[in-house]
Amino acid sequence: MKKLHFDAVVHFLVYALFVCSTFSMAGGNAASILLYIVFLVRATQHREVLHWNVPLLWPILAMVVTALFSALVNPEPLKNLSELRDIWRFALPFFLWKALPGIREERLLRWFLFMLIVVSVYGILQHYWGIDWLRPEGRKKITPYTPDFVETGVFHAKGNFSHHLTYAHYLLLIFPVFLSLAFVRVMPLGMRWMSGLGSLAMLGGLFLSLGRSAWLGAAAALGILALQLPRKVLLGGIGLMLLGAALLVPSLQLGSTFETYQQDITSPIKARLDSLFTLRHHRDRLFLWETAVLAIQDHFWFGIGLNNDDRVMEPYRAIVAEKYQHQQFLNKPEAGVHNIYLQTWLNFGIFGLLSYLAFWGTVLGWNLRWIRKAYDRFLQEKAILWGMNAGFVGFLVGGMFENSFRDGEVQALLFTMVGWSLYLGHKIQLAFSHRMG
């Protein structure tokens, strides 16, 4: 394949990957697979495109190996292996790292940001009017917000995603990147304004998804971004937050129990805030966590395999239900235990959990390394890496209450961002080496 044609195809696929991730999982998957094929063909003549000698390679290999081993040692190994059909996506960071050199970064950022703004505004409109313009009749996925099966007149924002939490955690990963870019003085003023307004739109879509785990994650991400502020400004911001919390607390039903809590359906946002502090809205999740702990004790080393919850978890749910006289779980066993750390341990055993944590430690450590080494020439790259780490930390916080790492759309964006960070780190490393040399 001629170099000119190869570069043109790769650049098109990179744009397609970023743009399609905002509204079409099928489009993003197609772009990823074609990118793999193009690079594998290229590798027949230029093997260096498959040289992936970076620390991230080892925890990703460990995650893949532990998943495969868990599938083989559990009953019905062929079925278990078939459940790992999306594991191909774990190579995406390395292919994208090799694909990004030569891309005009600011143009790619503009296209990506434009689509993120569109999907965010779309989600905001959905919250108020329950629209779903992108799906045909009979296949629309409109999700009313109905606590206790009472109509509130508003809906969960979800964009073109299958679930409002998938949408919320997708935006959680990416909004800090553009919020961080909004304060980079070397960027064109128009792009800074667009980044700032775009990040606010993303926050709006995230907030109106009514996904509380994403709310907590967004708060953590904003806290990480705030660490870049001057100390006086940071302390002032903390003071204002504490004051705001003090004013908010009296309006919340703190300490309300299952029996005393009264849902205020006239104010859905306030109802969701109230639910953060009430036992009634956490009992089911706490019981799910206990079922996971019981199952982990019996499958400590290798787990139960992926997507075997419906086959394995029912007896443990029965034990917990009888213990607490819990009449019915809100979710079926196949929905998981709503905690990615317990879920990973449950599915892949202790080594699966350790490899998952090692993956995150490697990613965050890589970004921090190049944030520290970046100097004035790389303010944009430094801001992106800061934003990525903020999004990743927020995602880790949100993961305490959800399994969004398993959602295809979220996972695709996550691995895209990791590949992007690999590229930025090597870009800074190369310049740093030249400077020192």
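The shown structure was predicted, so the numbers you read here are calculated from the model rather than taken from an experiment. Position 1 is the first residue of the sequence, and the numbers go up from there.
- Residues that satisfy the salt bridge (charged side-chain N to carboxylate O under 4.0 Å, His left out) test with Lys98, not counting sequence neighbours, are absent from this structure.
- In summary, the aromatic rings of Trp97 and Tyr423 are positioned with their centroids too far apart to meet the 6.0 Å limit.
- Scanning for side-chain hydrogen bond (donor to acceptor under 3.5 Å, both in side chains) contacts around Glu409 gives an empty result, with sequence neighbours left out.
- For the residue pair Leu171 and Ser120, the shortest heavy atom distance occurs at CD2-OG, 3.9 Å.
- Tyr36 is linked by a ring-ring contact (aromatic ring centres under 6.0 Å, His included) to Trp88, Phe95, counting only residues two or more places apart in sequence or in another chain.
- Atom OG1 of Thr291 and atom CG of Leu286 lie 11.0 Å apart (nearest 0.5 Å).
- Nearest approach of Phe178 to Ser199, heavy atoms of both residues: C-CB, 4.2 Å.
- For the atom pair CG (Leu206) and CD1 (Ile174), the distance works out to 12.5 Å, reported to the nearest 0.5 Å.
- Within the 4.5 Å cutoff, the side chain of Thr143 has no heavy atoms near those of the His163 side chain.
- More than 12 heavy atoms of other residues, nucleotides or ligands sit less than 6.0 Å from atom OH of Tyr15.
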Would you mind writing out the side-chain donor-acceptor pairs for residues 362-372 within the sub-3.5 Å range, not counting sequence neighbours?
unit_1, atom_1, unit_2, atom_2, d
Thr362, OG1, Ala358, O, 2.7
Trp366, NE1, Ser421, O, 3.0
Asn367, ND2, Asn389, OD1, 2.8

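- To the nearest 0.5 Å, the span separating CZ on Phe392 from CG on Leu385 amounts to 9.5 Å.
- You'll find the side chain of Asn339 stays beyond 4.5 Å of the side chain of Phe401, heavy atoms only.
- Taken from CZ in Arg192 to CG in Leu181, the straight-line distance is 10.5 Å, to the nearest 0.5 Å.
- Not counting sequence neighbours, the partners of Lys141 by the side chain to side chain contact (heavy atoms under 4.5 Å, CB included) test are Asp132, Arg135, Lys158, Ser162.
- With sequence neighbours left out, the side chain to side chain contact (heavy atoms under 4.5 Å, CB included) criterion links Ala43 to Val49, Leu50.
- Applying the ring-ring contact (aromatic ring centres under 6.0 Å, His included) criterion to Trp129, with sequence neighbours excluded, gives no partner residue.
- Counting heavy atoms from C-beta on, the side chains of Glu334 and Asn307 never come closer than 4.5 Å.
- A side chain to side chain donor-acceptor pair (under 3.5 Å) with Ser213 is found for one member of His169, Arg285, His338 and no other, namely His169.
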*Worked verdict on Ser209 versus Leu165 for side-chain contact (heavy atoms from CB on, under 4.5 Å)*: CA-CA 7 Å; Ser209 74; Leu165 290 177; 5.6 Å; no
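- Checked for salt-bridge contact, Arg110 and Glu105 miss the test: no charged N lies under 4.0 Å from a carboxylate O.
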*Evaluation steps, side-chain contact (heavy atoms from CB on, under 4.5 Å), between Leu100 and Leu108*: CA-CA 10 Å; Leu100 281 169; Leu108 177 61; 4.1 Å; yes
Please tabulate, for side-chain N and O atoms in residues 55-70, each donor-acceptor pair with protein atoms closer than 3.5 Å (sequence neighbours left out).
unit_1, atom_1, unit_2, atom_2, d
Thr66, OG1, Ala62, O, 2.9
Thr66, OG1, Met63, O, 3.0
Ser70, OG, Asn74, ND2, 3.4
Ser70, OG, Phe302, O, 2.7
Ser70, OG, Gly305, N, 3.3
Ser70, OG, Asn347, O, 2.9

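- With respect to Tyr356, the ring pair (Phe, Tyr, Trp, His ring centres under 6.0 Å) criterion is satisfied by exactly one of Phe405, Trp345, Phe351: Phe405.
- When all heavy atoms of Gly387 and Leu225 are compared, the closest pair comes out as CA-CD2, 4.1 Å.
- Note: His156 and Tyr145 meet the aromatic proximity criterion, with ring centroids under 6.0 Å apart.
- The salt bridge (charged side-chain N to carboxylate O under 4.0 Å, His left out) check on Arg85 picks up Glu83, with sequence neighbours excluded.
- With sequence neighbours left out, Phe18 forms a ring-ring contact (aromatic ring centres under 6.0 Å, His included) with Phe112, Trp420.
- Evaluation of the ring-ring contact (aromatic ring centres under 6.0 Å, His included) rule for Trp386 yields no partner, not counting sequence neighbours.
- Between Asn308 and Lys79, the closest heavy-atom pair is OD1-NZ, 3.2 Å.
- Taking a 6.0 Å sphere around CE of Met400, one finds it holds 12 or fewer heavy atoms contributed by other residues, nucleotides or ligands.
- When the options Trp52, Phe94, Phe6 are evaluated for a ring pair (Phe, Tyr, Trp, His ring centres under 6.0 Å) with Phe39, the one that passes is Phe6.
- With values rounded to the nearest 0.5 angstrom, Arg185 atom CZ is found 5.0 Å from Leu379 atom CG.
- Residue pairs meeting the side chain to side chain donor-acceptor pair (under 3.5 Å) criterion with at least one partner in residues 21-35, sequence neighbours excluded, are Ser21-Tyr170, Asn29-Arg89.
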